[in-house]
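Okay, so here's the structure we're looking at.
What's counted below: heavy atoms across the whole structure, side chains too, no hydrogens, waters or symmetry copies. Naming convention: chains lettered A, B, ... in sequence-line order (proteins, then strands); numbering from 1 in each chain.
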Amino acid sequence: MADYSKDEIKRIEDKWRKEWKTRGVYKVENHSTKPKYYVLDMFPYPSGAGLHVGHPLGYIASDIVSRYKRLKGFHVLHPMGFDAFGLPAEQYAIQTGQHPAVTTEKNIATYIEQLNKIGFSFDWDRKVETSDPSYYKWTQWIFMQLFNAWYTKKPVGKTEPITTLIAELEKNGNKNIDAVCEDDTPTITAADWKSFDEKAKEEFLQKYRIAYRSDTMVNWCPALGTVLSNDEVKDGVSERGGYPVERKKMWQWSMRITAYAERLLKGLDTIDWPEPVKEMQRNWIGKSVGCELDFKVDKQEGIIRVFTTRIDTIYGVTFMVLAPEHELVSKITTAEQKAEVENYITIAKNRSERERMSEVKRISGAFTGAYVTNPFNGAKIPVWIADYVLAGYGTGAVMAVPSSDTRDYAFAKHFNLPIIDVLEGPTSDITKDNFDPKSGKMINSDSLNGLDWKEAIEVALQKVEALGIGIRKVNFRMRDAIFGRQRYWGEPFPVYYENGIPKLVDIKDLPVTLPEVDAYKPTESGEPPLARAKGWDYKGNQFEQTTMPGWAGSSWYWFRYMDSKNETEFASKEAVSYWKDVDLYIGGSEHATGHLLYSRFWCKALKDLGYVDSEEPFKKLINQGHIQGVSKFIYRLTKSNTLVSKNLFIDILKNPDKPENKEILGEATYSVQDKTVFDYDGKVLFNQLNVDINLVDNNDVLDIEEFKKWRPIFKDSKFILEDGKYICGSEIEKMSKSKYNVVNPDEIVDNYGADTLRVYEMFLGPLEMSKPWNTSGIDGVFKFLRRFWNLFHDQNGNGAVTDAEPTREELKVLHKTLKKIEYDIEHFSFNTSVSEFMICCNELSSLKCNKKAILEPLTIALSSFAPHITEELWQLLGHKDSILNSSYPKWSEEYLTESSFEYPISINGKVRAKMNFALDMPKEDVEKLVLASEVVQKWSEGKAPKKVIVVQGRIVNVVL
RNA sequence: GCCCGGGUGGUGGAAUUGGUAGACACGCAGGACUUAAAAUCCUGUGAUCGCAAGGUUGUACGGGUUCAAGUCCCGUCCUGGGUACCA
């Protein structure tokens, strides 16, 4: 009746979208006798540009797994939602005055509509939006739990309610408490505690709380009027907008993530994540095991404590370096050196982070005039200051061993300080020699001589402890996470201030909703936008005016999906204990050290407090690659509005003196910068401009007529062509509206259907790999689906499936395919599964197979990839129920055994012959050897082989 | 600089983890059907020598291990990503 044409596809896909919705096939309950499987996508930020072809890549993969697991008998949770708080909506609001909630709602509606066109099996009833008060009520609630919590190290590291801390303080003070807290926490008695007034008590508790306020150095961006995280600062300017960023001390809400450092590190060994992501998290946490060691200052009072991981190299210490901000600097500096040191400190202070970053290679420092004594051998060691030592890490002081540390080495060379080798190896220049400080035995090291460096560390450590001059110590690079932003479009804190004391609102007053404001930018006096809210107070007290950072809402959302409509809990106990954790998480690797680390942190805290069951939120993680856009460019000679074809433009840059090029350029001389050519006055001579990719064909030829209509400034442009055509430049970039290189999935769906889009995106290459979008192969995928469709239909488009018994050959094709597909899906190798389907389809076409017994199982297998077409064919096969409620076909080895095997036999590594072995032939190697030697005799005229290699009962090579 | 990936035809990419390299698809060329085009189907397609059978060569480059290397080891080059003085 119909072939797989554009109209028919549209009819089928519309029909099934409607059917699925009315039948509610994607609705999932929180209980089942089946085993559970939770498939999660990293939820998107709903940007104004809408969905592009890059977004669905991961969603298609997760949808395939969801459908596959469901057919395999699992109870599958596969939800979707939106990470709806964020800077772009706020920026747009500042510019237009439009409330961010309005734009966000609109964008979400667009996203949902676009996503639905692709046939995802999301249970939309579980949708979450982080900006919805019914959602952020629980983000605030979690904040309250973390505010009311502290981290004890005894008997095991665990988050505890703050009440247990208060009880202990009342009883014994903090002398028995071993907790993760501020470094400057004093030891107090129960009497001290009782003598504190309310404010002092709260200030003391702040040193312990998981969510706390402290005076921290932040990246302050005056132009945006907000604090930025390190991730949001690139090269000293804000990632968004490129505004300058400065370091500034501020009262900030923070999260004591450092308490969990050890567990965050250990937990990595228990989860199935890509190794690079785990490695990034390990580096980010940056655990280093070493010791702190005291050096006595000569001729005056004072002890300098250093942190080192290489106590074994103690005999190689030839100088010491303090951070310029180190508190002892002013005390120990001698009169002669005072001027120089102070001068250096001033310079170091004024050098911004940006300068320090761009001048990593520059070596600078100053001598304090003071000396310390090496406690191991009594050597006199000069003390320097330099900004390569950071005040914020370790103790802000290092013992420098120029023979085993490249920075110390460079410093020693620059200031002509002595170098003592303490490890075997070539060390004339450790920055150039192939020298590894983590190998070899100790030399020049007194009692440590001859020991391997690792043994030497242990021996030296014992000595340090015996002498009482230091302690073993573990340091982490990771810092506590800043948890406040001076922005409007984020979660308000459930916090108010009474007499300057931060207090939590009553739990029944949640959520604290975002107030209305007259503008979304900071106030003229630099206060956050929420300060503009009129009449916004808590029983007459001021609310906290900052909002939570972007990662707050995304650090627990997978729990909300489990029970998204619950009004009394963030998710019910039953739901949480049924779904537990995410079995498969798909998303980009850019979240490796942000979202994925914070989520693990919150999950651990919630577990300790007894709200959830799992220590790790995401059991398996897959990073999908990104689909990049292909941008097209034109080259415009600005003053004469002339467009020069690509190769001519390149030629002009190369040979500006050619007469014909001179004619185009005129008398101008020029310089090239960032793809723009300037003339001698600094005016733009040539511009490289992005052109809409829809105006350019596959051979980079520009459609000049359409182009002239595109933007008014090109209406009267002149063209300099090559071979009568205008050739555009081409480059691979991120897909972006401003680059006119966005490909919208709707276009593909309209032209080929959602099934073709889904299968094509999978066929494009391995999921993890980034690749540019190009549609050149899409016809192949479309033809495959049509061929598959044709297997079920005769030339007139009528259903033509028979109940005939399949032949052994047909069964072999079926079972071979089912086996491979299953293996591929289990290994997330979707591109090869698509190939397998194509091979199978080709084989069945040439066998002219239209038997139900063969086609039915294949239809089920294909339904994960192409749900619409398979539902339709499923009905054609006589089923009433949705294909989703069938079960995945099993394959059997029985049909895969061959009647004979063709063995290639190589001689000296080259294939020289092929032998057929019948199935019923005895399989003993001896038998094959006889056969092989016959082969060999043919080839080597009777010489017996030296060796016959048999692999898995099969001769693979014969050595003559 | 350091830490992870990656480098295979004209193109996207396969290769059961050491066992016939180039599956599948695109593109290209030729053919069939057609008045013609489109669509569809068939054939060929790494390079090189040859009329052919067939030979030689070939997985960034240079070495090595092995009966056998795209796959393992050492060195070099290029490339994508992460990170930034962490003692």
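Within 4.0 Å (heavy atoms only), A:Lys820 reaches no atom of the nucleic acid at all. When heavy atoms are screened at a 4.0 angstrom cut-off, A:Arg282 is found touching no nucleic acid atom at all. Within the 4.0 angstrom heavy-atom criterion, no nucleotide atom of any strand lies near A:Asp779.
B:rA32 and B:rU40 make up a base pair, with Watson-Crick or G-U wobble contacts both under 3.5 Å. Remark: B:rA53 base-pairs with no nucleotide in the shown strands. Criterion, Watson-Crick or G-U wobble with two distances under 3.5 Å. Across all strands shown, B:rG27 pairs with B:rU45; the Watson-Crick or G-U wobble distances both stay below 3.5 Å. Pairing of B:rU20, defined by two Watson-Crick or G-U wobble distances under 3.5 Å, is not identified with any nucleotide. Nucleotide B:rG58 forms a pair with no other nucleotide shown, judged by Watson-Crick or G-U wobble geometry with both contacts under 3.5 Å. If you check B:rG13 for Watson-Crick or wobble pairing at under 3.5 angstrom, you find it has no partner at all. For B:rC72, the paired nucleotide is B:rG64, the pair qualifying as Watson-Crick or G-U wobble because both relevant distances are below 3.5 Å. In this structure, B:rC2 and B:rG82 make a Watson-Crick or G-U wobble pair, each of the two defining distances being under 3.5 angstrom.
For the pair A:Met762 CE and B:rG13 C1', the interatomic distance rounds to 15 Å; values are reported in whole Å. When the P atom of B:rA87 is taken as reference, atom CD1 of A:Ile381 falls 20 Å away, rounded to whole Å. When the P atom of B:rC26 is taken as reference, atom CG of A:Asn831 falls 16 Å away, rounded to whole Å. In this structure, CZ of A:Phe295 is placed 12 Å from C1' of B:rA87, rounded to the nearest angstrom. B:rA87 atom P lies 18 Å from atom CZ of A:Arg305, rounded to whole Å. Atom pair A:Glu836:CD and B:rC24:P shows a separation of 10 Å (rounding to whole Å applied). For A:Trp284 and B:rG81, the CH2 to C1' distance is 15 Å, given to the nearest whole Å. Look at CZ on A:Phe782: it is 9 Å from P on B:rU40, rounded to the nearest Å.
Between A:Phe415 and A:Trp384, the two ring planes are tilted [angle within 30° to 60°]. Aromatic ring pairs are classed by plane angle as parallel below 30°, tilted from 30° to 60° and perpendicular above 60°; the pair A:Phe763 and A:Tyr760 is tilted. Using cut-offs of 30° and 60° on the angle between ring planes, the pair A:Phe411 and A:Phe319 is parallel.
Picking from B:rA25, B:rG13, B:rU83 the nucleotide with the shortest atom distance to the side chain of A:Asn842 gives B:rA25. Distances were taken from every side-chain heavy atom of A:Thr832 (C-beta onward) to each of B:rC86, B:rA14, B:rU40; the shortest belongs to B:rA14. The nucleotide whose nearest atom lies closest to any side-chain atom of A:Arg477 is, among B:rA87, B:rU83, B:rG13, B:rU83. With B:rC85, B:rG82, B:rC24 as the candidates, the nucleotide lying closest to the side chain of A:Met280 is B:rG82.
If you take atom C1' in B:rG80 and the same atom in B:rC85, they sit 25 Å apart, rounded to whole Å. Look at the P atom in both B:rA25 and B:rG19: the space between them is 24 Å, to the nearest Å. Nucleotides B:rU83 and B:rU45 are separated by 46 Å at their C1' atoms, to the nearest Å. Spacing of C1' atoms, B:rG27 relative to B:rU76, comes out at 35 Å, to the nearest Å. Going from the C1' atom of B:rC78 to that of B:rA60 covers 7 Å, rounded to whole Å. Here the separation of B:rU65 from B:rC26, taken at their C1' atoms, is 39 Å to the nearest Å. Straight-line distance between the P atoms of B:rG70 and B:rG18: roughly 13 Å, to the nearest whole Å. The C1' atoms of B:rG13 and B:rU34 are separated by 36 Å, rounded to the nearest whole Å.
Within the model, atoms NZ of A:Lys783 and OG1 of A:Thr756 stand 12.5 Å from one another, a figure rounded to the nearest 0.5 Å.
Shown here is A:Glu275, whose CD atom has more than 12 heavy atoms of other residues, nucleotides or ligands within 6.0 Å.
Between A:Thr775 and A:Trp773 there is a side-chain heavy-atom pair separated by less than 4.5 Å. By the 4.5 Å heavy-atom criterion applied to side chains, A:Glu262 and A:Lys287 are counted as neighbours.
Where A:Val781 and A:Tyr823 each meet RNA chain B at their nearest nucleotide, the meeting point lying more 5' is that of A:Tyr823. Residue A:Ser770 is the one, among A:Ser846 and A:Ser770, whose nearest nucleotide of RNA chain B lies closer to the 5' end (criterion: closest heavy atom).
Glycosidic conformation, B:rG9: syn, with the torsion inside 90° of 0. An anti orientation is assigned to B:rU66, its glycosidic angle lying beyond 90° of 0.
Remark: the A:Asn283 side chain and the A:Arg477 side chain contain no N/O donor-acceptor pair separated by less than 3.5 Å.
In terms of the side-chain contact (heavy atoms from CB on, under 4.5 Å) criterion, residue partners of A:Asn790 (sequence neighbours excluded) are, by chain and number, A:Arg786. Residues passing the side-chain contact (heavy atoms from CB on, under 4.5 Å) test with A:Pro418, sequence neighbours excluded: A:Thr318.
For A:Lys783 and B:rC26, the shortest distance from a side-chain N or O to OP1 or OP2 is below 4.0 Å. Within the 4.0 Å cut-off from OP1 or OP2 of B:rA87, at least one side-chain nitrogen or oxygen of A:Tyr393 is found.
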N/O to N/O distances under 3.5 Å, protein versus nucleotides 2-12 of chain B:
{"residue": "B:rG12", "atom": "O2'", "partner": "A:Leu764", "partner atom": "O", "Å": "2.9"}

